[in-house]
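A short write-up of the structure that comes next.
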Amino acid sequence: CHGLEQGTGVERRGEGVELEEAEGCKSKEAEIKRINKELANIRSKFKGDKALDGYSKKKYVCKLLFIFLLGHDIDFGHMEAVNLLSSNKYTEKQIGYLFISVLVNSNSELIRLINNAIKNDLASRNPTFMCLALHCIANVGSREMAEAFASEIPRILVAGDTMDSVKQSAALCLLRLYKTSPDLVPMGEWTSRVVHLLNDQHMGVVTAAVSLITCLCKKNPDDFKTCVSLAVSRLSRIVSSASTDLQDYTYYFVPAPWLSVKLLRLLQCYPPPEDAAVKGRLVECLETILNKAQEPPKSKKVQHSNAKNAILFEAISLIIHYDRWVTPPSGAPPALLLLLPPPPPSVLKVAILAEKYAVDYSWYVDTILNLIRIAGDYVSEEVWYRVIQIVINRDDVQGYAAKTVFEALQAPACHENMVKVGGYILGEFGNLIAGDPRSSPLVQFNLLHSKFHLCSVATRALLLSTYIKFINLFPETKGTIQEVLRSDSQIRNADVELQQRAVEYLKLSSIASTDVLATVLEEMPPFPERESSILAKLKKKKGPGAGSELDDGKKDPNAEMNGGVEPTASTASTPSPSADLLGLRAAPSASSGAPPSSGNLLVDVFSDSPSGTAGLAPGTEENFLRFVCKNNGVLFENQLLQIGVKSEFRQNLGELRVHCSQLNVQTKAVEPLVEGGAQVQQVLNIECLNDFTEAPLLNIKFRYGGTLQNITLKLPVTVNKFFQATEMQSQDFFQRWKQLSLPQQEAQKIFKASHPMDSEVTKAKLLGFGSALLEKVDPNPDNYVGAGIIQTKALQVGCLLRLEPNAQAQMYRLTLRTSKESVSKHLCELLSQQF
């Protein structure tokens, strides 16, 4: 009771101590006696002539709840809990909902009163009360709750004025009801709109929406198939972002790992995307995930490696899933064709990762054999050599490897590399599975020999060595194998190597005694523990030190550590994405021009003292423009300081949280992990009084080495931040478009595309700009139209926009029509710079 009352803000008074005594009773009888006394006291309070105030009622209901959780039956207090639902105090309403979620069943006579209270809270537009109601519906999750609210919750979820926290709760509540009673959740217009929550700026809303959509699309895949391109777009933005871009959703230097895993699982509900642009973007995402798995860890914490590995394994699951859908032309490996170009280095990379992150050797054998099955043409000798080396050195995996490779060889179309591995392992350890009639010695031989005529000379030579080993392991196969060795196709083979082996093996099996044969053909001894043959090949290809980044925690001792923050263009050279497909290049060192470390790096942030004269910091304009279509990110960064911004806007009001973080700078050898420095936060409340074109300036001063440093930046506050998205039908849009036909109300700009013309990226930017994106309004489906209202204290400015892309000419035409000339021109200028 002590913990419960603290957690709900209930103060402990008088009788609360008595329940604590009950919890500490030394016998069951003593506890029951103490509880019965307390129940009698609570019952008398409820039935007394004196009406209880809200606090007292809440306290006694909370005690009843605690008694129930101790394992005692409660047969009163339900009505008092229901009465708490009508309170306007959060703590009283919260205890009421908590009691109902735990103790009231769906057949209760009070369910009608409870439903009415929930409906009132859902209609209140108070986000805190709405969330409490939604949590209660989800916690109860009964069919009766679904009947009452399944049609109401989707409306709340897709409403344009619903707060982010409520959207998040609504999505999870609807998910619970759908799992309980899928037949009661109506599919309708909201299904197409809920997909667009994947573009929402609030990552919590996106995470909840992905869980909901993943569940819904398993039963109604056609209704949600548009989610594929949106999921790929969102995944691309996450995996390509730095850990500083998603500060509130970064877990041990890994940006949004849970959301990344959920998006990869959502994509596994559908076949590979057919659109070339979406497919190409997905390939880039998967390659980026594989590349990041190769990078040196940014933290030694197990949480960091767990988050990276979760994303990596889900990406591999997606590749395996797509393998079932793609039909390979002319026998080429399907998953590789779709997802891993160019194949050779990517296969090598998967082999390295399989060895590095193997949970046990059986898993490693399964993974490499599956890799050979899917992408056998691109598996180099070093890969299957390494499998042999590991199997021979590990007694505990030899029987499993023999059984697994025997089953793999039974496939009608078996790659030659699989035959090599199978021939070697069965020749050494086939006796470990020979006791099963399904894999008897003769069955093993016939299986291998059925592949013989399809193989190259080198593989045939290996199989002949396997045959002579079979004679040693399984004497009953001697006659059959000698007949094969004696055949003209072997003993008179045109290839000298095959002919020599056939002659020598035939003679050896004929004249050697059993002891001599066993000595000559004994098991291969364990290989000496040495460097992986795969890494050896990489070092040979890349030069000395090429594989060093695969060793955990090893970095250039002269490299600077910036508290886990990725180096920017001003401090490190950035290699082109295609220049190092394997991601094995040594980490770039930070500029040697960084100032030496000294104490008290940050002294005076957001000082009230007069600012010195200083122009805008380098890169300010470029960083400022990045915030036109997004609210969170890094506004400025150099060797000493990082400034991040997180903002939220509603109507004509806004809140900016500006984070200033000290970056630790080291010029000598350091440990692989350097913790970040101090951080200060400044909260800015903003009210838009009228439309404006110039952004406010932020001046930051601090002392370093006794010298006053002065940085002036543009705050990312633009007039479009005060957009309220407006949904319109086609007829209403064009009627309003014609009304705004005065020359001064329109601003138009034709410009060259400065970024790839990706439709999903364009949609995301328009939504981030603040307007509603209206579908099926423009007669040309390639065009984009939007609508919204700029909310200021002085007036409201209606805005309509139309973006017409010309993919062939790589040009755009952007038209803005608003009720105020200055707004039209400014919005047109801001938005045109985003494409």
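From a predicted model like this one, the values you see are computed outputs, not experimental measurements.
A distance-only check finds a donor-acceptor pair linking the side chain of N632 to the backbone of S647 [under 3.5 Å]. Without hydrogens or angle criteria, N720 side chain to V628 main chain gives a donor-acceptor distance under 3.5 Å. Within the 3.5 Å criterion, the main-chain N or O of S229 finds no donor-acceptor partner in the side chain of S233. In this structure, the side chain of E821 does not engage the main chain of P743 through any donor-acceptor pair within 3.5 Å. Although no hydrogens or angles enter the test, the distance criterion places no donor-acceptor pair under 3.5 Å between the side chain of S824 and the main chain of A747. A donor-acceptor contact shorter than 3.5 Å links the side chain of N139 to the backbone of H135. T207 places a side-chain N or O within 3.5 Å of a backbone atom of M203 that can act as its donor or acceptor partner. In this structure, Q201 contributes its side chain and G768 its backbone to a donor-acceptor pair below 3.5 Å. Of the possible polar contacts, one joining the S741 side chain to the K738 backbone as a donor-acceptor pair under 3.5 Å is found. Listed for the S165 side chain is no donor-acceptor partner under 3.5 Å among the backbone atoms of M163.
Judged purely by distance below 3.5 Å, without hydrogens or angles, the side chains of H196 and E775 pair a donor atom with an acceptor atom. There is a side-chain donor-acceptor pair under 3.5 Å between R237 and N199. At a cut-off of 3.5 Å, with distance as the only test, a side-chain donor of N699 or N710 sits close to an acceptor on the other residue. Side-chain polar atoms of D691 and S822 form a donor-acceptor pair below 3.5 angstrom. Side-chain N/O atoms of S236 and R281 include a donor and acceptor closer than 3.5 Å. When only modelled atom types and interatomic distance are considered, S211 and K262 share a side-chain donor-acceptor pair under 3.5 Å.
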| query | Should I711 and L713 be marked as a side chain to side chain contact (heavy atoms under 4.5 Å, CB included) after you check the CA-CA gap, both sets of side-chain angles, and the distance that decides it? | reply | CA-CA 7 Å; I711 298 173; L713 306 170; 3.8 Å; yes
| said: side chain to side chain contact (heavy atoms under 4.5 Å, CB included), that's the test. Do I156 and E152 meet it? Break it down for me. | reply: CA-CA 7 Å; I156 296 173; E152 173 71 10; 4.1 Å; yes
| task | Go through the steps for L174 and W190 under the test side chain to side chain contact (heavy atoms under 4.5 Å, CB included), then give the verdict. | result | CA-CA 12 Å; L174 189 59; W190 67 271; 3.7 Å; yes
| task | Could you check L84 against K57 for side chain to side chain contact (heavy atoms under 4.5 Å, CB included), going step by step and ending with a plain yes or no? | result | CA-CA 8 Å; L84 286 176; K57 195 178 296 183; 4.1 Å; yes
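The shortest side-chain heavy-atom distance between L800 and M728 falls under the 4.5 Å cut-off. L134 places a side-chain heavy atom less than 4.5 Å from the side chain of I153. No side-chain heavy atom of T693 sits less than 4.5 Å from a side-chain heavy atom of V719. You'll find the side chain of L98 stays beyond 4.5 Å of the side chain of V61, heavy atoms only. Between P154 and V194, every side-chain heavy-atom pair lies at or beyond the 4.5 Å cut-off. The shortest distance between side-chain heavy atoms of L230 and E760 falls below 4.5 Å. In this structure, the side chains of L216 and D223 stay at 4.5 Å or more apart for every pair of heavy atoms. Within the 4.5 Å cutoff, side-chain heavy atoms of F149 are placed close to those of L122.
The side-chain tip of K765 points at the ring of F835 from less than 6.0 angstrom away and within 45° of straight on. Figure legend: K93 and Y90 shown without cation-pi pairing, the cationic atom not lying both under 6.0 angstrom from the six-membered ring centre and within 45 degrees of its axis.
Across all their heavy atoms, S124 and F129 have their closest contact at OG-CB, 4.0 Å. Of all heavy-atom pairs between K630 and K721, the closest is O-NZ, 2.8 Å. Shown here for F769 and L830, the closest heavy-atom pair between the two residues is CE1-CB, 4.3 Å. In terms of heavy-atom proximity, F692 sits nearest to H826 at O-CD2, 3.6 Å. Heavy-atom minimum distance, F99 versus A81: CD2-CB, 3.3 Å. When every heavy atom of L773 is checked against every heavy atom of Y784, the shortest pair comes out as CD1-CB, 4.3 Å.
How far CG of N690 is from CD1 of I790: 11.5 Å, rounded to the nearest 0.5 Å. In this structure, CG on D778 lies 5.0 Å from CZ on F734, to the nearest 0.5 angstrom. Between atom OG1 of residue T620 and atom CG of residue L697 there is a gap of 9.5 Å, rounded to the nearest 0.5 Å. I643 contributes atom CD1, which lies 6.5 Å from atom CG of L635 (distance to the nearest 0.5 angstrom). Within the model, atoms NZ of K820 and CG of L827 stand 12.0 Å from one another, a figure rounded to the nearest 0.5 Å. Interatomic distance, R817 CZ to Q745 CD, rounded to the nearest 0.5 Å: 8.5 Å.
Taking the six-membered ring for Trp and the full ring otherwise, Y251 and W258 have centroids separated by under 6.0 Å.
Taking the six-membered ring for Trp and thresholds of 30 and 60 degrees, F722 and F649 have ring planes more than 60 degrees apart, a perpendicular arrangement.
Salt bridge status for D161 with R650: absent, with no side-chain N to carboxylate O gap under 4.0 Å. Ionic pairing of D200 and R234 is not present here: no N-O contact between side-chain nitrogen and carboxylate oxygen is shorter than 4.0 angstrom. Look at K749 and E829 and you find a salt bridge, because one of the NZ, NE, NH1 or NH2 atoms lies within 4.0 Å of a carboxylate O, short of that distance. A salt bridge is absent between E92 and K58; no separation between the charged side-chain nitrogens and carboxylate oxygens falls under 4.0 Å. K714 and E621 are joined by a salt bridge, as a carboxylate oxygen and a charged side-chain nitrogen come within less than 4.0 angstrom of each other.
Residue E694 places its CD atom among 12 or fewer non-hydrogen atoms of other residues, nucleotides or ligands, all under 6.0 Å distant. The number of heavy-atom neighbours closer than 6.0 Å to CD of Q739, taken from other residues, nucleotides and ligands shown, is above 12.
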